[in-house]
Amino acid sequence: MQPFDVLQAQVEQAVKRLVFPREPRALYDPIRYTMEPGGKRIRPVLVLMACELFDGDIQEAMHAAMAAEVFHNFTLIHDDIMDKAPIRRGQPSVVHKWNADVAILAGDTMFASACGYLHHLDVAHIKPVLNIFSRTAVEVCEGQQYDMNFESREDVSIDEYMEMIRLKTASLIAACLEMGAVIADASDKDVENICEFGRSLGLAFQLQDDLLDVYGDEKAFGKKTGNDIVTNKKTFLYIKAFEIAAGEAQSALRKAFGNTVQEPGAKIAAVKKMYDELHLREHAEQAIGEYFSTSLSHLDAIQTPAENKRMLRNLAETLMQREY
Ligand code: IPE
Ligand code: IPE
Ligand code: MG
Ligand code: MG
Ligand code: MG
């Protein structure tokens, strides 16, 4: 299997080859603005890696890889509207640079384009891949809705949170691996295992994102840190904090979170101070480690030589150490 950076470079080339018309500019400029600098390109690389693992045709899988990446970027554009996020990948978010109307339509166009790429797959793969893709897109929307519902709830449990991130984040990561494996005609058992690998990795990935939202370096992270605190997101850190805080600490936490008149910086500092006192960072890191090791056990169960899976394992390890 080719290493991450080689596949990532192939993804970059394929992104450059995607055709987005020039007019109307207000529709296509924000799409290019999002797609061209791009992010880490993890999802399309996962599609390609899964396909290579089972000796499939990478050229064919690239169509599914593009579908996944364009779809992912669409979800980010809409997510920034929902999360009132001013910065994405170190530059103003589409909603901030243009407005919500522009962000909605750019996103819709990307979703429709992403579906279109799947028609270039071999005929035998179109049906199963389209099935995975549409099911996943619905799951992401369900997850996003739970994420917003939870903003105004105080009694969200860790289980509910895990289900929410399974839907909004882990499902797409799992689907990328599943699509790659299906395109390579892997066995049902291997498809199931690579999918489970992706699901656990996706859970660890979102837990890590929530952690970076509080403790990351804003410049490296490329997003406004503390935004989850400002928008009352029920992250693992938040829920766990209430679970372990007792007495005075719990009412102080409630006060810090409930205080909407405070300016955002002061709210972030107050909540972060309490997270520090409750060692939330360590709790989150422990949970991340647990989901990560579960993911590796599914990777181990795939019926291919361990050497062939090394790049997937390396990528998973790198993701756990990431700063952005
Ligand atoms: C961001 O995903 C959204 C989450 C699921 C946390 P990435 O961190 O993969 O974003 P980019 O594409 O690399 O910017
Ligand atoms: C992302 O969750 C989920 C999506 C499906 C887009 P977040 O809202 O935490 O992602 P970021 O931090 O904005 O990238
Ligand atoms: Mg969000
Ligand atoms: Mg967000
Ligand atoms: Mg986040």
Side-chain angles (χ1 to χ4, degrees), residues 4 8 11-12 15 31 33-47 65-66 68-96 103 107 110-111 114 136-151 161-177 198-199 201-216 218 220-238 284 288 291 315-316 318-324:
F4 180 80
Q8 193 189 38
V11 165
E12 290 305 338
V15 168
I31 296 179
Y33 173 83
T34 304
M35 287 306 303
E36 276 169 13
K40 297 179 285 298
R41 313 288 195 199
I42 291 156
R43 295 159 189 79
V45 170
L46 287 174
V47 176
M66 288 300 102
E69 184 62 9
V70 172
F71 173 79
H72 162 64
N73 279 268
F74 137 65
T75 70
L76 298 182
I77 292 178
H78 280 196
D79 178 70
D80 287 340
I81 306 174
M82 299 174 219
D83 293 349
K84 297 153 199 71
I87 312 271
R88 166 76 56 193
R89 298 174 180 151
Q91 57 177 12
S93 57
V94 170
V95 60
H96 208 70
M110 291 162 84
F111 189 11
T136 305
V138 171
E139 287 184 354
V140 171
C141 293
E142 289 172 354
Q144 288 288 83
Q145 186 60 55
Y146 281 124
D147 182 281
M148 290 187 290
N149 289 352
F150 292 175
E151 285 175 24
Y161 164 81
M162 292 310 301
E163 173 63 3
M164 181 272 282
I165 69 169
R166 181 186 75 76
L167 291 163
K168 78 168 181 175
T169 302
S171 66
L172 180 57
I173 291 184
C176 288
L177 292 158
R199 229 182 283 284
L201 184 66
L203 296 174
F205 184 81
Q206 184 63 49
L207 281 160
Q208 179 86 351
D209 180 74
D210 290 356
L211 189 60
L212 288 169
D213 196 281
V214 179
Y215 290 106
E218 194 161 283
F221 192 39
K223 301 186 267 196
K224 187 124 192 68
T225 51
N227 206 50
D228 287 344
I229 293 173
V230 175
T231 51
N232 287 331
K233 292 291 183 189
K234 299 308 176 305
T235 63
F236 178 88
L237 297 148
Y238 178 104
I288 291 167
Y291 284 102
L315 171 56
T318 312
L319 288 181
M320 296 303 103
Q321 310 297 329
R322 74 200 166 99
E323 286 179 16
Y324 64 98

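Values below: all heavy atoms of this structure, side chains included; hydrogens, waters and symmetry mates excluded. Read the numbers this way: they start at 1 and go in the same order the structure lists the ligands and their atoms.
Below 4.0 Å from some heavy atom of Gly39 lie the following atoms of ligand 1, by number and element: 11 (P), 12 (O), 13 (O), 14 (O). Under a 4.0 Å criterion applied to the non-hydrogen atoms of Thr75, ligand 2 contributes the atoms 6 (C). In the vicinity of Thr169, heavy-atom distances shorter than 4.0 Å reach the ligand 1 atoms 5 (C).
Counting heavy atoms closer than 4.0 Å to ligand 1, residue Tyr324 contributes nothing at all. Proximity of Asp79 to ligand 1, defined as any heavy-atom pair under 4.0 Å, is not found for any part of the residue. Under 4.0 Å from ligand 2, the heavy atoms of Asp83 that appear belong solely to its side chain.
Looking at Lys40, Arg43, Arg88 and measuring to atom 2 (O) of ligand 1, the nearest heavy atom belongs to Arg43. Of the options Asp209, Leu212, Leu76, Ile165, the smallest heavy-atom separation from atom 3 (C) of ligand 1 is shown by Leu76.
Centred on the Mg ion (ligand 3), the OD1 atom of Asp79 and the OD2 atom of Asp83 lie at an angle of 90°, reported to 10°.
Without hydrogens or angle criteria, Lys84 side chain to Met82 main chain gives a donor-acceptor distance under 3.5 Å.
For atom 11 (P) of ligand 2, the closest non-hydrogen atom on the protein side is Lys223 NZ, 3.3 Å. The nearest heavy-atom contact from the protein to atom 14 (O) of ligand 1 is Arg89 NE, 2.8 Å. Gln206 OE1, 3.8 Å is the protein heavy atom nearest to atom 4 (C) of ligand 1. In this structure, the protein non-hydrogen atom closest to atom 5 (C) of ligand 2 is Lys168 O, 3.1 Å.
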For Lys223 and Asp213, run side chain to side chain contact (heavy atoms under 4.5 Å, CB included): C-alpha distance rounded to whole Å, both residues' side-chain angles, the deciding distance at 0.1 Å, then the answer.
CA-CA 8 Å; Lys223 301 186 267 196; Asp213 196 281; 5.7 Å; no
Where do Thr34 and Val94 land on the side chain to side chain contact (heavy atoms under 4.5 Å, CB included) test, with the steps shown first?
CA-CA 8 Å; Thr34 304; Val94 170; 3.4 Å; yes
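Of the residues listed (Asp210, Asp228, Asp83, Asp79), the one engaging Lys233 in a salt bridge (Lys or Arg N to Asp or Glu O under 4.0 Å) is Asp83, and it is the only one.
Not one N/O/S atom of Asp147, from backbone or side chain, sits under 2.8 Å from the Mg ion (ligand 3).
With contacts defined as side-chain heavy-atom distances shorter than 4.5 Å, the pair Asp209/Arg322 qualifies.
Between His78 and Phe74, the ring-plane angle classifies as perpendicular under the 30° and 60° cut-offs.
Using a 4.0 Å cutoff on heavy atoms, His72 does not count as a contact of ligand 2.
Here the CD1-CZ distance, from Ile77 to Arg88, works out to 9.5 Å after rounding to the nearest 0.5 Å. Considering CD of Glu12 and CD of Gln8, their distance stands at 6.0 Å, rounded to 0.5 Å.
For NZ of Lys224, the number of neighbouring non-hydrogen atoms (other residues, nucleotides, ligands) closer than 6.0 Å is 12 at most. With a 6.0 Å radius and a threshold of 12 heavy atoms from other residues, nucleotides or ligands, Tyr33 has its OH atom above the threshold.
For the pair Gln144 and ligand 2, the shortest N or O to N or O distance does not fall below 3.5 Å.
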